[in-house]
There are 2 protein chains.
Amino acid sequence: MATLKDIAKELGVSVATVSYALTGRGSVSPAMRDKVLATVERLGYQPNRKAQAMRTGITRCIGLIIPDLTNPFFPQLAQKIEFEARAVGLSVFVVDCQNQAVHEEEGLNLMEQQQVDGVIWCPTGNRSTQRLARLRCPVVLVDRPLPGFDAVHSDYRAGGQLLAQHAIELGHRTVGLLSGPQETESARLRRAGFVEAAAGRLDIQWEEEVPFSSELSPAARQALAASKASLVVAANDLIAVGALDELRSLGKRVPEDVSLMGFDDIPWSALITPSLTTIRQPIAALAHEALSLLTAKMLDRNRPVSTRVVGVSLVERNSAIALNHG
Amino acid sequence: MATLKDIAKELGVSVATVSYALTGRGSVSPAMRDKVLATVERLGYQPNRKAQAMRTGITRCIGLIIPDLTNPFFPQLAQKIEFEARAVGLSVFVVDCQNQAVHEEEGLNLMEQQQVDGVIWCPTGNRSTQRLARLRCPVVLVDRPLPGFDAVHSDYRAGGQLLAQHAIELGHRTVGLLSGPQETESARLRRAGFVEAAAGRLDIQWEEEVPFSSELSPAARQALAASKASLVVAANDLIAVGALDELRSLGKRVPEDVSLMGFDDIPWSALITPSLTTIRQPIAALAHEALSLLTAKMLDRNRPVSTRVVGVSLVERNSAIALNHG
DNA sequence: TAACTTGACTTAAACGATTAAGCGCTTTAT
DNA sequence: ATAAAGCGCTTAATCGTTTAAGTCAAGTTA
């Protein structure tokens, strides 16, 4: 691997000159700059990132801490973020927490050791923000906002409202709610939006809080079994898939006997039967905003904390149909 | 951030002593070692990985180059690999190629710049192995073997055979094949195993080569429309999902009218309707073998090239049923 | 012509670690 | 008795960069 020293020796100049020629910082004659550039090309020189990092304190690496790659929402997000990051010359370390706080802790330690320039984090659950503060690099929370921190997330409340409005339009009156973990802002706002827009027009007959997973709690299964509601609204698509499975094994047809709605528009949603009526989160936009917020913060660490909210849209498919009032 | 120098100053010794105390390499009195350890604890010292890397040439980072996080097989694999890597103190850079050679090239460049200690790579398509050689760190190919390189993959041939045997047991005689991209060893062996075990007992009435995606080619759709086979065997689950969708829109019921089999056992396979009969790849084992092969190669770079093949198993679900010979 | 500026370099000191070599002393082996 | 080896530490070189400070000749100004 060629170094600055090799190039300098080749041209009979000092490494400083070569460095100046490449960074364009000092004053170097055009002739010399050309010679340096040519030699760089010829020797296939690539700057040693570690050495640069050591000197400048900038690693050009960021961390991406994700709750669970098994939830199809996150691979999509990770893909877009990695793409955007690479486009601006940032490499990304990925840590998958498998939804466990221990791994999250490990991940944060790792980011500290690697001295990343920034971290994009989707916190699992409501963690103490102390650990976050120990990380002395900029952090942007995605999808899981926490008060007092930079964050990018979808307009969950609007999503909830869209679902309620759609339900009303379809003529539904009675609904069961499979709400997500209420300690997360994300699940709380989805629920809040729905409940607000439903007020006085939809009767929420039952509600069960379940984790963001297709494995339903026993209580949720019982609720589904006993349900007389014409519509079940799940806090995300994964839960909706679980509900679909459960309803089917209870002998209830979706959507003929009961309609179903999800949230996220994960890739499966279009493929399962019936395809899922859901709220689409603009994942590419989330990724883009997250990265632009992070880079902004990297450039100006005193930037005031801000939150970017991206819009969502209703995706009508086959799992929710109009109710025939007989 | 505390450095060795801080600790040394605190104790009134040289940095070398502190370094020796921590690495356990030089000779240091037990008393001094204890004092160092205590001070490390007290100051919250964390070694600077960049500096270590610069001195030793070892970065304790590996690269993971993946074709597409949108294919659910890869997030699973990535999750396990990241987990195993972290357990042995390796951080992982992830690059998602989005199935494009350009990004793959970029990814390899990035690994070179980051000077990773090793790379785990699932090549998209059959790339020139020249680029691979330019990377002067150990490389292990996963899921997509290439001749002449260390690789870990499932026993595709056995998987193909299992599918054929199962088809025969179920009483099928006529079958349509949606085979994967034959420039990949992976798809070739799946096909080969199936064809071998089918020989003389199953009649392969038609065959279409399609990419590993749920988007079917027009030719494949025509083949499905015209098919009189009692069974369709897809090269992976993603293709099977696409076929399921297409069959359904053609008015053919699965499995009543036609049985369907996949390969991979991606998480959706159990959740879609009908749930998919398929071949399970032991992803955790793949990840484990890949990492152990890579670390072995990192320790002994002259290790001869080897391939590890992990066993697969048939998962019987609802998409393939016994044929009633009338 | 003396004094000052400028351009194009070089020198050398960092950054934070690792590690070979050396130092003055005591212990062991030949 | 003398050489060799070990002990616990220090000194100093090194990895590949960046960058403040210095040098020195040529050009500009008064």
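Just so we're clear, the structure is a prediction, and the values are computed from it rather than from any experiment. The sequence lines fix the lettering, A, B, ..., with proteins before strands; numbering per chain opens at 1.
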Spacing of [X] atom [atom1] relative to [N] atom [atom2], expressed in whole Å:
{"X": "B/R25", "N": "D/dC9", "atom1": "CZ", "atom2": "P", "value": "18 Å"}
{"X": "B/L11", "N": "D/dG8", "atom1": "CG", "atom2": "P", "value": "17 Å"}
{"X": "A/L4", "N": "D/dT19", "atom1": "CG", "atom2": "P", "value": "12 Å"}
{"X": "A/Q115", "N": "C/dG16", "atom1": "CD", "atom2": "C1'", "value": "9 Å"}

* Output every pair passing ring pair (Phe, Tyr, Trp, His ring centres under 6.0 Å) with a member in residues 50-101 of chain B, not counting sequence neighbours, ordered by first then second residue. =>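 Qualifying pairs: A/F93-B/F93, A/H103-B/F83.
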* Taking only Lys NZ, Arg NE, NH1 and NH2, and the carboxylate oxygens of Asp or Glu, determine whether B/R86 and B/E82 approach each other closer than 4.0 Å. =>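 Salt bridge present between B/R86 and B/E82.
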* To do: Could you tell me which residues satisfy side chain to side chain contact (heavy atoms under 4.5 Å, CB included) with A/D150, sequence neighbours excluded, listed by chain and number?
  =>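 Once residues adjacent in sequence are excluded, the partners of A/D150 under the side chain to side chain contact (heavy atoms under 4.5 Å, CB included) criterion are A/V140, A/L293, A/K297, A/V305, A/S306.
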* Of all residues at least two apart in sequence or in a different chain, which pass the side chain to side chain contact (heavy atoms under 4.5 Å, CB included) check with B/P211? ->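 Partners of B/P211 under the side chain to side chain contact (heavy atoms under 4.5 Å, CB included) test: none.
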* **Near-strand residues of residues 34-43 of chain A, defined as heavy-atom separation under 4.0 angstrom from DNA chain C** =>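 None, since no heavy atom is under 4.0 Å.
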* State which residues pass salt bridge (charged side-chain N to carboxylate O under 4.0 Å, His left out) with A/E185; sequence neighbours excluded, sorted by chain then number. =>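 Per chain and number, A/E185 pairs via salt bridge (charged side-chain N to carboxylate O under 4.0 Å, His left out) with A/R188.
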* To do: Apply salt bridge (charged side-chain N to carboxylate O under 4.0 Å, His left out) to B/R60 and list each qualifying residue two or more places apart in sequence or on a separate chain.
  =>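 Here no residue qualifies.
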* Asked: Taking only residues two or more places apart in sequence, or in another chain, which ones meet B/D117 in a side chain to side chain donor-acceptor pair (under 3.5 Å)?
  ->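 Expected list: B/T59.
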* **Contacts of A/S14 that satisfy side chain to side chain donor-acceptor pair (under 3.5 Å) - sequence neighbours left out** =>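 For A/S14 the side chain to side chain donor-acceptor pair (under 3.5 Å) partners, ignoring immediate neighbours, are A/T17.
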* To do: For nucleotides 8-15 of chain C, just jot down a letter per nucleotide in 5' to 3' order: B, S or -, based on protein non-hydrogen atoms under 4.0 Å.
  => BBBB-BBB
* Counting only side-chain N and O atoms of B/R49, is one of them less than 4.0 Å from OP1 or OP2 of C/dA17? ->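 False: B/R49 side-chain N/O out of range (4.0 Å or more) of C/dA17 OP1/OP2.
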